[in-house]
Amino acid sequence: MKADFSKPYDPKTVEPEIYKSWLESGYFDPDKLPGKRKKNYIVYMPLPNVTGTLHMGHALDNTFQDIIIRYRRMKGFRTLWFPGTDHAGIATQYKVEKELKKEGTSRFELGREKFIERVWKWKEEYGGIILGQLKKLGVSADWSRLRFTMDDAYAKDVKAAFVHYYDKGWIYRGLRTVNWCPRCGTSLSDLELEHKEEPGHLWYVRYALVDTKYDIQNTKYIVVATTRPETMFGDTAVAVNPKDERYARLVGQTVKLPLTNREIPVIADAKIDKDFGTGALKVTPAHDIFDFELGQKYKLPAIQVIDERGKMMGNTGEYAGMKTEEARAAVVQKLKDLGFLEKEEAYVHNVSVCSRCGHVIEPIPSVQWFLKMETLAKNALKSVRSGKVDIQPKNFQTIYFDWLTNIRDWTLSRQLWWGHQLPVYFCQNDKNKFSVAVEKPNRCPICGKCEMEQAPDVLDTWFSSALWPFAGLSESDKKNYYPGNTLITARDILNLWVARMIFSGLEFMGKVPFNDVLIHGTILTKDGKRMSKSLGTGIDPLKYIDQFGADATRFAVVWQATGQDIRWDEAAVAAGRKFGNKIWNASRFVLEQSGNDTFGTHDVKLKPKTEADKEIISKLDKTKKETEKLIGTFEFSKALQGLYDFFWHDFCDVYLETSKPQLADAKTKEGTQAILMSVLSSSLKMLHPFMPFITEMIWNEMPERTGLLMVENWD
RNA sequence: GCGCCCAUAGCUCAGUGGUAGAGCGUUUCAUUGACAUUGAAAAGGUCCGAGGUUCAAUCCCUCGUGGGCGCACCA
């Protein structure tokens with residue numbers, strides 16, 4: 001590799017070559033780094049899904065991580081950046097199902113085994129794409145330690161984790177009302193829902209009092225307000241606030257459900273809001289999670305009236321088989337006709353939808369596996385409160401605390417086929433009994449003779465990614481490379497993933513997996529909209545890498561990532577390329593002026609003679625300190641802007657110009673040469689974490705060079 | 001409903017209790033000299049609105065307006 005300064009810098013031909021030389025050096029692997037390195041510095045890559053392609057968010061996320069890793073590598077740390085991909089259970093299954101649908105078939109027609117084969121094929125085809133793309137960005141992760149969350153070794157650790165929790169008594173199986181996606185046919189955790197505002201109605205429905213002697217103010221019924229009248233076939237109580245004087249005398253009495261005349265009690269609970277609607281709530285334990293909890297408390301039966309496909313069940317009479325929305329309209333009409341509808345109000349409410357497929361969530365009762373969160377959440381809270389884990393910026397700690405302090409038990413099981421099947425084995429002679437073990441028992445411990453059958457459900461994909469800092473690592477890696485240091489990600493997976501890694505790390509490895517969590521801004525379109533493929537607003541960073549080079553793309557992303565969300569401005573990429581050009585030409589000048597071999601290494605003691613000499617050396621010093629400080633506090637954007645100012649203005653505009661007469665004067669010539677070379681050398685080092693390709697390329701021409709810039713001492 | 005964040009130049013954004021900053025854009029001038037992917041200079045701002053604290057507020061406090069996000073027991 002020769003830097004040909006007779007031509008403008010061409011990233012397209014240079015970058016692949018440079019990346020190859022890095023790979024060949026082996027320096028991405030901490031065990032192969034040169035020199036004595038005492039301290040580790042470890043970063044965990046947020047796992048891209050196997051369904052993913054590169055987007056601007058990845059570019060930002062990974063550039064930040066690469067800056068840290070490259071900086072620490074140059075500072076003499078034993079650096080390790082763990083890369084990998086996530087099987088992303090529901091997301092991937094959804095993609096493959098969509099593909100099947102186009103072919104006119106479905107997973108049910110294929111059957112479980114064939115379907116999973118198909119998903120593996122998909123994974124082989126698309127799973128590595130994003131990682132290949134990240135290499136173009138210059139990512140210096142240790143590819144020799146690449147893991148996939150369904151690798152055999154990884155899977156073994158996932159099962160062991162499940163067994164561990166089960167043995168502690170924290171995992172239980174039970175029938176509860178859970179979030180259910182009728183399209184995906186599976187339960188979902190709270191964090192896998194999205195909330196969408198939708199215009200709807202609030203219907204006021206009369207529930208007649210059975211005993212009219214409690215009739216107050218000349219009414220013969222309680223009016224409940226509901227947005228979902230079709231669920232009333234499953235009502236098993238009406239609840240009011242105990243302090244609500246309007247209803248005080250009715251508590252303990254009985255009302256009749258319209259349409260079916262089934263009788264249900266009136267109960268009182270402090271959680272009922274007196275001021276909402278009429279202050280009287282219809283309680284449907286089977287189809288509302290809040291109602292389910294009320295039902296548990298007051299031992300109310302749960303009557304399921306909506307099935308797993310989101311359709312009305314046989315016990316709803318004429319509505320059986322209807323979709324819930326149809327049934328809603330029909331029930332309202334009937335109530336109106338029969339005089340049960342007191343009034344109807346337009347009402348904007350939030351509906352929960354599946355974060356994957358967008359289908360409306362239907363809470364239904366279902367047998368699922370749950371993980372008790374009490375202790376885990378408490379530990380995760382403590383780690384951040386005590387400062388063992390520092391989440392930056394601070395306001396994200398609130399989001400973290402909020403989730404953990406109001407946490408519900410984690411619904412672990414999913415009725416999907418793609419994922420880690422639960423390590424639970426059922427006895428075929430007594431199908432309610434099961435055994436939990438990493439390996440399937442040869443002999444059924446229950447009946448002693450049956451061939452046990454594994455539970456069909458798979459684990460929530462986040463159960464396995466929660467183990468990312470250590471799962472699937474070799475024993476020596478677990479010993480040498482846990483815990484790590486830093487995690488950098490966007491805000492959307494703070495609770496979904498980061499919080500769960502923290503408590504999992506504590507639980508299984510006895511230490512938090514990292515001390516610093518940096519949440520960076522999200523990249524939006526220029527008019528402030530979310531970048532999304534389906535909206536056509538997404539931008540592929542490869543577009544910029546191809547056109548302007550990876551360094552310019554990295555520059556643009558870092559330049560703009562000041563902490564807040566970023567309204568993406570393409571002009572920054574052009575600015576990045578211009579800066580690259582500046583670096584290239586300034587280097588050419590310095591190298592030409594240095595007289596090449598007449599000038600030795602920059603160990604030569606610098607003897608500043610002129611004011612300009614002193615000035616540039618003091619500014620370089622200041623910039624070094626500042627850059628170091630800012631990288632340490634993850635203020636990469638500021639660090640880059642400082643370097644930009646120093647290099648372009650202080651060094652190029654001012655010193656390079658004054659150096660010209662100084663070089664022409666025999667008295668100052670040598671000293672100026674030495675200073676030029678020294679400042680260039682330091683600048684290349686400081687810039688390398690940000691713009692690794694061009695700086696590495698120029699480094700090839702530096703007389704003091706002994707090897708790759710990526711492992712030079714930063715100081 | 002509760003909570004958080006944001007509002008500064010034409011655009012994208014930094015910033016500070018005391019003369020307001022960058023990149024890009026615009027205008028003018030310069031140029032065979034490392035670089036026209038350049039240099040020098042200039043124009044351009046009620047720092048969202050109202051009130052308060054202060055000797056002094058773009059910055060701190062309160063309320064409001066507009067935008068974004070998170071959570072919710074959203075009946």
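Below, each value reflects all heavy atoms present in this structure, side chains not excepted, and no hydrogens, waters or symmetry copies.
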A/T668: partners by side-chain hydrogen bond (donor to acceptor under 3.5 Å, both in side chains), with sequence neighbours left out: none
Flag if over 12 foreign heavy atoms under 6.0 Å of NZ, A/K660: yes
Atom-pair distance (CD on A/E293; P on B/A72), nearest Å: 12 Å
Rounded distance in Å between the P positions of B/G23 and B/C4: 36 Å
Spacing between A/H287 atom NE2 and B/C74 atom C1', to the nearest angstrom: 18 Å
Pairing string, 5' to 3', for RNA chain B - Watson-Crick or wobble contacts under 3.5 Å, brackets [ ] where pairs cross, | to another strand: (((((((..((((....[..)))).(((((.......))))).....(((((..]....))))))))))))....
A/K7 side-chain N/O to B/C35 phosphate OP1/OP2 under 4.0 Å: no
Distance in angstrom units between A/L193 CG and B/C73 P, rounded: 10 Å
Touch class at under 4.0 angstrom, heavy-atom based, for A/L202 against every strand present: sugar-phosphate
Whole-Å distance separating the CG atom of A/D273 from the C1' atom of B/C74: 11 Å
Rounded distance (Å) that lies between atom P of B/C71 and atom CD1 of A/I407: 12 Å
Nearest-angstrom distance from the residue atom CG of A/L591 to C1' of B/A34: 11 Å
Residue that, paired with A/E570, satisfies salt bridge (charged side-chain N to carboxylate O under 4.0 Å, His left out) out of A/K543, A/K526, A/R577: A/K543
Between N or O atoms, less than 3.5 Å apart, protein on one side and nucleotides 65-70 of chain B on the other: list the pairs.
none

Euclidean distance for C1', B/A30 against B/U16 (whole angstrom): 36 Å
Heavy atoms from other residues, nucleotides or ligands near NZ of A/K7 exceed 12 (cutoff 6.0 Å): no
P atoms of B/A9 and B/C59, separation to the nearest Å: 15 Å
Distance between P atoms of B/G15 and B/G25 (Å, rounded): 23 Å
Distance test, side-chain N/O of A/T398 to OP1/OP2 of B/C4, below 4.0 Å: no
C1'-based separation of B/A20 from B/U8 [nearest Å]: 9 Å
Side chain to side chain, A/K343 and A/W203, heavy atoms closer than 4.5 Å: no
Distance under 6.0 Å and angle within 45° of ring axis: A/R176 vs A/F370: yes
Gap in Å between the two P atoms, one belonging to B/U46 and one to B/U65, rounded: 24 Å
Test salt bridge (charged side-chain N to carboxylate O under 4.0 Å, His left out) applied to A/E245 and A/K274, step by step: CA-CA 10 Å; A/E245 286 155 21; A/K274 287 197 292 187; over 6 Å; no
Sugar-phosphate only, base, or nothing, as touched by A/L494 at under 4.0 Å among non-hydrogen atoms: nothing
Identify each atom pair where a protein N or O and an N or O of nucleotides 5-9 of chain B are less than 3.5 Å apart, giving names and distance.
| from | atom 1 | to | atom 2 | distance (Å) |
| --- | --- | --- | --- | --- |
| B/C5 | O2' | A/Q564 | OE1 | 3.0 |

C1' spacing across the pair B/G17 / B/A57, given as an integer number of angstrom: 7 Å
Min side-chain heavy-atom separation A/I361-A/C354 under 4.5 Å: yes
Closest-nucleotide 5' rank along RNA chain B - winner of A/I566 and A/D653: A/I566
Spacing of the P atoms in B/A42 and B/C35 (rounded, Å): 26 Å
Salt bridge present between A/K336 and A/E344 (N-O < 4.0 angstrom): yes
Sugar-phosphate only, base, or nothing, as touched by A/K526 at under 4.0 Å among non-hydrogen atoms: sugar-phosphate
A/F276 or A/W568, whichever maps to the more 5' nucleotide of RNA chain B: A/W568
Touch class at under 4.0 angstrom, heavy-atom based, for A/K271 against every strand present: base
Touch class at under 4.0 angstrom, heavy-atom based, for A/E657 against every strand present: base
Nearest-Å distance for atom pair CZ/C1', residues A/R577 and B/U38: 14 Å
A/I519 side chain reached by A/Q392 side chain, heavy atoms, under 4.5 Å: no
Derivation of the salt bridge (charged side-chain N to carboxylate O under 4.0 Å, His left out) call for A/K619 and A/E626: CA-CA 10 Å; A/K619 281 198 167 140; A/E626 196 62 17; over 6 Å; no
Minimum side-chain heavy-atom gap A/F292-A/H287 below 4.5 Å: no
Mutual orientation of the aromatic rings belonging to A/F64 and A/F636 [parallel < 30°, tilted 30-60°, perpendicular > 60°]: tilted
Mutual orientation of the aromatic rings belonging to A/H649 and A/Y644 [parallel < 30°, tilted 30-60°, perpendicular > 60°]: perpendicular
A/H195 side chain, from C-beta outward: closest of B/C35, B/A34, B/C74: B/C74
A/L591 side chain near A/F5 side chain, heavy-atom distance below 4.5 Å: yes
Nearest-Å distance for atom pair CD1/C1', residues A/I698 and B/C35: 12 Å
Table of protein N/O atoms under 3.5 Å from nucleotides 21-29 of chain B N/O atoms:
| from | atom 1 | to | atom 2 | distance (Å) |
| --- | --- | --- | --- | --- |
| B/C24 | OP1 | A/K578 | NZ | 3.0 |

Residues in side-chain hydrogen bond (donor to acceptor under 3.5 Å, both in side chains) contact with A/Y319, at least two apart in sequence or another chain: none
